[in-house]
Amino acid sequence: MNMISDIKALHPQKRVADRMAMVTTSKIYEAIAKVADMQAQGIKVDSLTAGEPDFDTPAHVIDAAIKAMREGDTHYTAVRGTLAVREAVRQKFLRENGLSFSDDEVMVGNGSKQVISNALAVTLEPGDEVLLPVPYWAAYTGMVYAAGGVPAFVRPSGDRLTAQELRAAMGPRTRWFILNTPSNPSGLVYTKDELLALGEALRERPDVLILSDEIYEHLHYTPERPESLLKLCPDLAGRILVANGVSKAFAMTGWRLGFAAGPADIIEAMANLQAQTTLGPSSISQAATVAALNGPRESIDNMVTAYHRRRDLVMQIAKSHPGVKIPRPDGAFYAMLDLNEAFSGGTRFRKIAEPDMAFCEWLLATQHVAAVPGSVFGAPGWVRISFATDEKTIEQGLSRLLTAAVQS
Ligand SMILES: Cc1ncc(COP(=O)(O)O)c(C=O)c1O
């Protein structure tokens, strides 16, 4: 008797926990895999899907990693990270954000993705809600479901969420509010006044925790740098967890190093979970992160200059396609294109419930341009493009995308 197949036949639905039904592969990775397949067949694709910098990790960071390896820095580290990396993280917050954290209020993990996921896992009770402004980074929903929670969505009437909308959206089960500015997928950046107003609304609900995802803080095209909610509302200190990392600012996505700072009890629980699952991240990545956080800033400036030029190019191309609206991204390296008018005025996608899904599939197959459907971020009828790619790809890809949308 084969026990495994017997059990499977008896309980086919019980092999995987119910909560995993909502945790699926990201459509973004599916699109990227499809592009790779096409390219392997010799088809040239203009891909506007990248969620990571198209630059290399700065040389001094790589040198620090090699030095660490040569000097035997190749062992398990403390779960929250080495003293050196924790100190570098604390100094970064003090220097760049004016935020002071004690050592027991910071930790590092395998990417900010892991620290966010840990934070949700150690705080959510079954059925607790996590409030996400639309459009939201798709990964939040999977993390919430995996932790037994339920995402709740709030759709701003304008580009960004107002205090009034936040107030109305917080329900009795709201446990967390997630704020991501500059934002993936829209590239929008909340202003100081907007953040102060959100802070007012959050003050009225002392039971709600706030996750401030600041991973794109360095990538902004405004004279002022994006503000941290915690800096503006220091009285919310016991409730705000700041997530950040080196992936985007230092082109270090593959190093898998993120960090969190916030209430010591939550950090301790996150570290306990990490101790029993993955331990501290790679010792080599931690050494590299110390070099990145403490080192020169030229690489960031150079990347931001390039992204800024590309952002302007995106807006300039968009201008010649009336009927397509793009809220100007002032940060990150994404833009959301509102194609609703183009879809409803055309014939091909007019009667489809999620026209952006069908459009992106059709666009890749016929125009060889890859972009991510807005439905992935809770925004059907929209499409996300990334400008973390060269100007020629942006110019050719975006022009073909917009022409196809308007003519479809
Ligand atoms: C909004 C947002 N937060 C967090 C992350 C995760 O970055 P990492 O896990 O590489 O630190 C990403 C990556 O795309 C992101 O877009």
Side-chain angles (χ1 to χ4, degrees), residues 25-29 31-32 48-55 57 61 81 85 89 92 106-121 130 132-144 146 151 160-161 176-190 210-220 226 228-229 241-261 270 274 277-278 280-282 285-286 288-289 292-293 303 307 329-336 372 374 376-379 384-389:
T25 326
S26 158
K27 289 273 175 232
I28 304 173
Y29 295 119
I32 290 170
L48 304 173
T49 56
E52 61 176 329
D54 56 325
F55 295 93
T57 300
V61 175
V85 82
V89 166
K92 168 255 168 324
V106 299
M107 70 176 294
V108 298
N110 289 282
S112 61
K113 214 166 177 172
Q114 189 188 24
V115 296
I116 298 169
S117 174
N118 281 349
L120 296 170
V130 177
L132 301 172
V134 176
Y136 49 81
W137 181 42
Y140 296 136
T141 58
M143 294 179 194
V144 170
R160 290 178 291 272
L161 190 69
W176 282 94
F177 167 60
I178 299 188
L179 180 70
N180 170 220
T181 174
S183 150
N184 176 9
S186 67
L188 296 175
V189 182
Y190 280 76
I210 303 133
L211 180 86
S212 182
D213 182 343
E214 302 176 7
I215 190 91
Y216 294 101
E217 71 167 327
H218 287 288
L219 312 185
H220 62 94
S228 177
L229 180 69
L241 186 78
V242 182
N244 206 325
V246 289
S247 285
K248 316 290 175 172
F250 297 95
M252 291 176 67
T253 47
W255 299 77
R256 307 310 303 128
L257 201 301
F259 45 87
M270 288 161 64
Q274 194 162 287
T277 51
T278 59
S282 149
S285 297
Q286 293 187 48
T289 296
L293 294 179
M303 280 190 265
Y307 292 139
D330 281 330
F333 38 62
Y334 311 101
M336 284 290 273
V372 184
V376 168
F377 314 102
R384 187 194 79 174
I385 60 154
S386 158
F387 46 90
T389 187

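These numbers were taken from a predicted model, which means no experiment stands behind them. Because only heavy atoms are used, hydrogens play no part in the values below, and waters and symmetry mates are left out as well, while side chains stay in. First listed ligand is number 1; within each ligand, the first listed atom is number 1.
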Check your understanding: Which atom names give the shortest non-hydrogen contact between E217 and P226, and what distance separates them?
Key -> O-CD, 3.4 Å
Point to revise | Results of side-chain hydrogen bond (donor to acceptor under 3.5 Å, both in side chains) for T253 - residues two or more places apart only | key: E52
Review point. Considering only heavy atoms, which protein residues lie less than 4.0 Å from any atom of ligand 1?
Key: G111, S112, K113, W137, Y140, N180, N184, D213, I215, Y216, S247, K248, R256
Point to revise | Heavy-atom check, side chain of V108 versus side chain of T289, under 4.5 Å | key: no
Point to revise | Under the salt bridge (charged side-chain N to carboxylate O under 4.0 Å, His left out) test, residues paired with E214 that sit two or more places apart | key: none
Review point. Of the options F387, Y307, F55, which is the one that meets F333 in a ring-ring contact (aromatic ring centres under 6.0 Å, His included)?
Key: Y307
Check your understanding: By side-chain hydrogen bond (donor to acceptor under 3.5 Å, both in side chains), which residues pair with R160, not counting sequence neighbours?
Key -> E194
